[in-house]
Amino acid sequence: GLGAVKKDKTWGFIDITGAYIIPLQYQKVHSFSEGLAPVKMNDKWGYIDKSNNLVIPCQFDNAFGFNNGLAIIEIKSKQGFIDKSGKIIITPQYRKVYPFSEGMAVIKKGKKYGYIDKEGKIIIPCLYDWCEHFNKGTAIVEKSNKYGCINKNGNIVIPIIYDEIN
C-alpha cells in the first residue's frame, strides 16, 4: 500500500521503501480506498488514481474515501454521494451523510437523523437525535437521551427507553 506523507506544507504518497510514488504536490490528501484517493488542490477536492491521474476533477469543498463504489462529497456545506466516475448519485442536500451499510445510509437534516436508500429516497424520516448504521437488519437510535432499536422499515423492535445500548 501507499502511505500519505506531508513535508513543507504539501502532501504526497510513498511506498513501503519510502520512495515517492506520488510527489508532494497537494494541499491535503486522504488514504486510497477502492483505488482512488481524495486530494485537495487550489482549495477544492477531487480524486486521483495510484498513477497520480486526476480521475475526478477538484471541484468539491470536501471529499472522503470510497466505500462500496460511493464516496461522500460536500458542496456549500451540504453532503451527498458520487460514484467512481464522479457522477453525483445523491445530490448534496444533507447537513451530514454517513457511509452506506446494508443498503441504507444515515443522514442528518437540520438537527435530526434518518435513513436513505442508494437512490436517495428517504426510507426512515429524520426523527431521531442520533442513529447508528444498520447491522444485521437493526440499528440503534436515540430520542430524548433514550436508546432503542429499529428495523429497516423504521419499526421499533426494542423500545426507546434505555439509558444505553451496546
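Predicted model, so just to flag it, every value in this text is computed and none were measured.
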Does the side chain of [Y] come within less than 4.5 Å of [X]'s, by heavy atoms?
X      : Y      : answer
Cys126 : Ile107 : yes
Thr10  : Gln27  : no
Ile21  : Ile14  : no
Tyr147 : Val141 : no
Asp49  : Leu36  : yes
Tyr113 : Lys111 : no
Ile150 : Thr138 : no
Lys109 : Arg95  : no

Plane angle bin for Phe64 and His30 - parallel if under 30°, tilted between 30 and 60°, otherwise perpendicular: parallel

Shared hydrophobic cluster for [X] and [Y] (ILVMFWY, side-chain gaps under 4.5 Å):
X      : Y      : value
Ile123 : Leu127 : yes
Ile88  : Val97  : no
Tyr162 : Tyr128 : no
Phe13  : Tyr26  : yes
Phe60  : Leu54  : no

Give, for atom [atom1] of [X] and atom [atom2] of [Y], the distance between the pair rounded to the nearest 0.5 Å.
X      : Y      : atom1 : atom2 : result
Cys131 : Ile124 : SG    : CD1   : 7.5 Å
Lys112 : Lys143 : NZ    : NZ    : 7.0 Å
Ile75  : Gln59  : CD1   : CD    : 6.5 Å
Lys84  : Phe66  : NZ    : CZ    : 7.0 Å
Glu132 : Tyr98  : CD    : OH    : 10.0 Å
Ser85  : Ile56  : OG    : CD1   : 7.0 Å

Criterion side-chain contact (heavy atoms from CB on, under 4.5 Å) against Pro99, the qualifying member of Val106, Leu70, Asn68, Asn67: Asn67

Ile82: which of Ile89, Ile73, Ile90 passes side-chain contact (heavy atoms from CB on, under 4.5 Å): Ile73

Option among Lys76, Lys44, Lys78 that satisfies the salt bridge (charged side-chain N to carboxylate O under 4.0 Å, His left out) test with Asp61: Lys44

Whether Asn53 side chain and Val55 backbone form a donor-acceptor pair below 3.5 Å: no

Heavy-atom donor-acceptor pair, Glu102 side chain to Gly137 backbone, under 3.5 Å: yes

Atom CG of Asn42: over 12 foreign heavy atoms under 6.0 Å: no

Ile161, CD1: over 12 other non-hydrogen atoms inside 6.0 angstrom: yes

Mind listing the closest non-hydrogen atom pair of [X] and [Y] along with its distance?
X      : Y      : value
Cys149 : Ile140 : SG-CG1, 3.9 Å
His133 : Ser101 : CD2-OG, 3.4 Å
Tyr94  : Ile116 : OH-CG2, 3.7 Å
Ile22  : Phe32  : CD1-CZ, 3.7 Å
Ser144 : Asp129 : N-OD2, 2.6 Å
Ala139 : Tyr115 : CB-OH, 3.3 Å

Face-on cation placement of Lys118 at Phe100 ring, 6.0 Å and 45° thresholds: yes

Intermediate values then yes/no, side-chain contact (heavy atoms from CB on, under 4.5 Å), Lys50 and Leu2: CA-CA 9 Å; Lys50 290 185 177 179; Leu2 300 180; 4.2 Å; yes

Verdict with supporting geometry, Lys7 and Tyr20, side-chain contact (heavy atoms from CB on, under 4.5 Å): CA-CA 12 Å; Lys7 188 176 179 189; Tyr20 285 104; 4.1 Å; yes

Verdict with supporting geometry, Trp45 and Lys28, side-chain contact (heavy atoms from CB on, under 4.5 Å): CA-CA 9 Å; Trp45 287 86; Lys28 184 85 177 107; 3.4 Å; yes

Intermediate values then yes/no, side-chain contact (heavy atoms from CB on, under 4.5 Å), Asp163 and Lys146: CA-CA 5 Å; Asp163 297 331; Lys146 295 294 180 185; 2.5 Å; yes

Distance-only polar pair, side chains of Gln25 and Asn52, donor-acceptor under 3.5 Å: yes

